[in-house]
Each structure stands twice: as structure tokens, then as C-alpha cells.
Amino acid sequence: MARFIFITGGVVSSLGKGLASAALGSLLQARGYTVRLRKLDPYLNVDPGTMSPFEHGEVFVTDDGAETDLDLGHYERFTGVAARSTDSISSGRVYSNVLEKERRGDYLGKTIQVIPHVTNEIKDFIRIGEDEVDFMLCEIGGTVGDIEGLPFFEAIRQFAQEKPRGQCLFMHLTLLPYIKASGELKTKPTQHSVKELRSIGLAPDILVCRSEGPIPLKEREKLALFCNVRAESVIAAQDLKSIYEAPLAYHREGMDQAVLDAFGIAPAPKPNLARWEDVVDRIHNTDGEVRVAIVGKYTQLEDAYKSIAEALTHGGMANRVKVKIEWIDAEVFETEDAAPRLERLNAILVPGGFGERGTEGKIKAAQFAREKKIPYLGICLGMQMAVIEAARNMANMGDAASEEFSEGVDPRDFTPVVYHLKEWVQGNAKVTRAKDDDKGGTMRLGAYDAVLTKGSRVAEAYGDTNIEERHRHRYEVDIKFREQLEAQGLIFSGLSPDGRLPEIVEVKDHPWYIGVQFHPELKSKPFAPHPLFADFVRAAKEQSRLV
Ligand code: GLN
């Protein structure tokens, strides 16, 4: 039976609760335990699939096809444990389940209320798979005091009460602001935040305090006294140069020890931190720098491309180079020449995206990379744009386009090299979709196999010809243009096992030009960089020697 750790946040949002949870997960693994991490989000969307990347950052997709919060990406990157659809829940999902049950008559005769019906639904969710791991870490989104968070806080209070004593632990993450004028670190916001928690029946066992610098003993003692925790359980989470320093930094601060102590686990198993020591060594001991352009649409919010940025960092670690990302808004290439911004860069990446805005700029970037022989990685929409570019400029199909951007356009006026996919195979089952389906959760989502052509660049990068990668898209490159495009040098080097869906394209006679319909970035880890990103950065490193 798992032990449960509930992670909450206070004072302000964006303190890195997800990161702290993920790092703690990795430290428990280093002590030999198995872990699973979960995110409980108070917002009312059923899942983040329909939210704007500008507002919510990237959508992280699991193997089993759930569209989830980007924190699940942190969890995977730090623990290597593949997230499942049952590791992410929102108020929207909870209420939708409860209402579905109500309509079905499951509660017949009862008045449906937040307590117990909604809280029971949350508790049932937390319990899923509780026998599978040693520790279940559940992060509650938002901050204590948010109205919509209340049912979750109440549910975890009840949950801990129902479990045998000593099986649940509460970790609270807060901010200690530093007041420059008086040279003081202030504990009051944390005291208030804990007071707020206690008023709803939750008493933290461990306080993780974000601060710019170290926390002096005096402040720790004050926090311990006023917040009713042990002084050893006040963990300083100082700003770090790289997020991957977090496991070692938190270990030095005694976070994992405090957790084991709180559970009364003694003697504590010795940690093996070799994996994280190697990761940190690779970050700090680099030989040179490569500059990679991300030509996208949501470039003002880096969180929108979180996993891609991380996967590039991992690719750098594999090659012991620092990867510097240049964020470029694709729209600029619709009015400006691509050369001045792109020519001195060592590689170009066009990420996934939705909607027409910026796509002509992405096509220009793909063309520039192809013609100037700069390494190019196109992901999902980035692959589709590469195919449109090749069709227009290599295969003489000047009107090549995607059906995604041709609403209301006469079908005779363009060649749909990318079309709306309405039927495909998943495992042994056929999946079908209609144009006016609901938007939420209806894409081709989750893990699908692909078969790679022996001897292709992509097969070389993977060192394999059978792969499985995560998908999230509605449109697809049309296989019927294969011959025509291959004749001009755009090779379809990876297909779905039934041969009907192009998964990968690459340009012949180019140092490194690959487009993939899936999202390789979602599976990259600092201790296991994704082979495509490792090889892409290797190619960028070679390119950097030429510039
Ligand atoms: N908008 C494209 C599609 O739906 C690409 C999606 C993506 O890049 N994730 O097919």
C-alpha cells in the first residue's frame, strides 16, 4: 500500500510546485522506492487540451492518449515513469463524472453535494493504483485560498483521515520574499499561508520555501515555531541555474530525509545519486555552444514549448554542448527575409501548432533550412509545413496547402497535401472522426508505432527501425503524394505499420533535415536524451564548426 505525499502551494503561484514534486519523486527513487506522481487541477476545463498555449503552456500527452498539464512532463523527465491518463484530473473532469453518474441514476434518491459526492470522486481518483507503488505524490494545482481549490483540499483532508496514521504527509511550498531595503527575508506570508491551510484542517509536515538565497537559522526556527513544523523540515529551495540541479540541491537541504523521517522510516535507505551527478556534470562541463532557432507561434511564452526546450537541453547534454535557443515568431518571415535572422544559427526547429497564423513564415523557415543546408527538425505542424514547402518548391505544386487552413476555400483552388484525417487504426481497432466532432480529446492522440526505412537518417538516429511515439494532431500528410515527392528528394522514411500514414519525412542530400508527425520531445529525459534530439544537436554542433 502506497504512502501518500500531498503537495500544496501558497503565497503566490508559479513557485515550481511541479518541479519540487518531481525532484522529490526522483530522490525517493534514488533511495530505491517506486513512485507515481499525479496532478489535481482545480480549473473547470475537463482537460487542458482546449486551453490556449499562451495561457496554460504546453499540453503534455500521455502514451494512453490523455491531454494533460505540463507538470506531468516534469514528472516524467525527473522520474522516467511514463504518465497515464489517470495521473491528471481537473474539477471539470470530476464534475463531469459526478454529473454523468447522477444522470445514470447511480445516486438515485440522493441530493448531490460537494461533500461527499465531489470529494468522494476526488478520493477515488487518488486511490487508483495505490497498490502499485511505494509512494504516490499528488500535487494540488493553484494556491491555498483559491475558491475552486477547496473541494480538493477537503478531499485530501478526508483522505488522510481515513488512512491509517502515518500514511499521508503534507508538503507546502511557499515564497520567502527578500526585502532589499532592510536586508531581511520575510516569513510572514508563509505564516499566513500555513494559517490558511490550518483553517481548512490541513497541517503541513514539511515546508519548502523558495528564496533567492540561503535561509539563515534564525528564520528557519521562526518558521518552525510559527508554522508548527520541525526546524529540519523547513527546506530551502533556492533559485537554481538549471532545474536539473534540483534533486541534488534538495537532497543537500534534507528534503528526502525529512520526508522519510516524517513517515518514521528508519533506518533510511542510502541514496544513490549517480544519475543526477552525471546530469549536473553534463550541464556544467560543456565544450562550446550551439544556437538553435525555434520558429513558432507561441514564442512569447516559453512554457508553450516546454518539452521541446527541455529535449534540446538534453540533446546538448548528450553532446556536451550548451544549447542556446533563439525564439523567433514565425510571422516575421511573412514580411521579412529569413536570411538575416537565420543564417548564423546552427539549426532550425519548427514546432507543433494549430491554426493558420504564422504558417507561411514556418514554410519560409523550412525552405531556408533546406536550401542553405542547415539542420532542420519539424515537429507535427513543423513536418506538415516542410511537406508543403517541398511540394511547392521541389515538386512544382505551387498551390499545395493544408486542409486545416482552407475553410471556405474552393477545393479546386489548392492541392491538399495535408488533409483532415477521419479514419485510422489504433492497435486492432478502427477509429473514426467527423469534421464537426467535439474539439476536446478527439485528435489522433497518444502512442502509435512507426516503421522506419532501413538505412534512412532517422533509422540511424534511432538505431532501430521500429519505434513508438506520442501523437496529437487532426491532420495528416497524404500518402498519395509519396512518389511525386520522393522523386524530388523528399523521402518518406517512416510510416504507420499499415503503410497508410506518413510518420517521418527527410530530405535527401542534406546534412540533417527531418520532419516527424509525432512529438519526440515528450519522451526525452535528462538522463536519457531522446535519440532524435541528441542527433539533431550533434548535427547542429557539426554545423557550428562550419560557420
Ligand atoms: N494542427 C496540426 C494538426 O492538427 C498539427 C498539430 C500539432 O502540431 N500538434 O494536424
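As the structure lists them, so they are numbered: ligands from 1, and atoms in each ligand from 1. Given the structure is predicted, the values throughout are model-derived calculations rather than measurements.
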- Query: To which protein heavy atom is atom 5 (C) of ligand 1 closest, and what is the distance rounded to 0.1 Å?
  - Reply: G353 O, 3.3 Å
- Please indicate whether any nitrogen or oxygen in L381 is less than 3.5 Å from any nitrogen or oxygen in ligand 1. yes
- Query: Given R474, H471, E404, E403, which has its nearest heavy atom closest to atom 2 (C) of ligand 1?
  - Reply: E404
- Query: Any idea how F518 and Y462 line up, ring-wise: parallel (<30°), tilted (30 to 60°), or perpendicular (>60°)?
  - Reply: perpendicular
- Item | ligand 1 atoms in contact with H519 (distance to a heavy atom under 4.0 Å) | 9 (N)
- Task: For E148, check side chain to side chain contact (heavy atoms under 4.5 Å, CB included) against everything at least two apart and list the hits.
- Result: P42, D146
- Query: Can a salt bridge be assigned to the pair R474 and E404 using a cut-off of 4.0 Å between side-chain N and carboxylate O?
  - Reply: no
- Quick one: does ligand 1 sit under 4.0 Å from the side chain of Q384, the backbone, both or neither, non-hydrogen atoms only? side chain
- Item | E506: partners by salt bridge (charged side-chain N to carboxylate O under 4.0 Å, His left out), with sequence neighbours left out | none
- Salt bridge flag under 4.0 Å for residues E289 and R291: no
- Among protein heavy atoms, which sits nearest to atom 10 (O) of ligand 1, and what does the distance come to when rounded to 0.1 Å? Y475 N, 2.8 Å
- So for R472 against ligand 1, with non-hydrogen atoms under 4.0 Å, the contacting part is backbone
- Item | Exam field: side chain E334 to backbone G361, donor-acceptor pair closer than 3.5 Å | yes
- Name the closest protein heavy atom to atom 7 (C) of ligand 1, giving the residue it belongs to and the distance to 0.1 Å. C380 SG, 2.9 Å
